[in-house]
A.B. asks: 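Could you have a look at this structure, given as structure tokens, before my questions?
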Amino acid sequence: MEIIEGAGAWTRPGDDDTDWTEQLRRPDLSVGTYCIPAGGKDTQSPHTEDEIYVVTAGRATITTPDRSAEVGPGAVIFVPAGEEHRFTDITEDLALLVVFGPAYGSRG
């Protein structure tokens with residue numbers, strides 16, 4: 001058992017408008033926190049791993065080629081590997097707990 005300290009907690013991003021911190025990495029999954037400030041831009045690209053986001057703070061819209069949805073604290077979002085997605089209209093500082101399976105970047 002392991003307690004993952006700081007996972008999902010808001011951290012002010014640096015100059016690039018986003019902050020990704022990986023807090024746990026195992027071959028079959030990784031856990032981290034992704035933060036975007038209100039009014040910020042999400043510049044991520046599609047990932048090669050399945051992904052689950054849990055919104056821990058903030059409000060935004062998640063957009064994929066097929067749909068858009070407003071999300072806030074408590075929302076759980078599944079994005080399959082390879083699907084284009086982006087958080088837009090970030091109206092409150094956004095903090096996301098992110099779970100990748102397998103681990104982020106492992107299918108490179």
A.B. asks: Can you measure from CZ (Phe87) to CG (Leu96) and round to the nearest 0.5 angstrom?
C.D. replies: 4.5 Å
A.B. asks: Which of parallel (below 30°), tilted (30 to 60°) and perpendicular (above 60°) describes Trp20 and Tyr104?
C.D. replies: tilted
A.B. asks: With a 3.5 Å distance limit and no angle check, can you tell me whether Glu49 reaches the backbone of Gly105 through a side-chain donor-acceptor pair?
C.D. replies: yes
A.B. asks: Counting only N and O atoms by type, is there a donor-acceptor contact under 3.5 Å from the side chain of Arg26 to the main-chain atoms of Ala103?
C.D. replies: no
A.B. asks: Has Asp28 got a side-chain atom pairing as donor or acceptor with Pro102's backbone, closer than 3.5 angstrom?
C.D. replies: no
A.B. asks: Kindly compute the distance separating CD1 (Ile3) from CD (Gln23), expressed to the nearest 0.5 Å.
C.D. replies: 13.5 Å
A.B. asks: Check for a donor-acceptor pair, side chain of Asp50 on one end and backbone N or O of Pro80 on the other, with a separation under 3.5 Å.
C.D. replies: no
A.B. asks: Can you tell me how far the CD1 atom of Ile77 sits from the CD1 atom of Ile52, to the nearest 0.5 Å?
C.D. replies: 10.5 Å
A.B. asks: So, Thr61 side chain and Asp89 main chain: donor-acceptor pair closer than 3.5 Å or not?
C.D. replies: no
A.B. asks: In this structure, are over 12 heavy atoms from other groups packed under 6.0 Å from Glu70 atom CD?
C.D. replies: no
A.B. asks: Do side-chain atoms of Arg86 reach the backbone of Asp42 as a donor and acceptor pair under 3.5 angstrom?
C.D. replies: yes
A.B. asks: Please confirm whether the backbone N or O of Pro65 pairs with a side-chain atom of Glu84, one donor and one acceptor, at under 3.5 Å?
C.D. replies: no
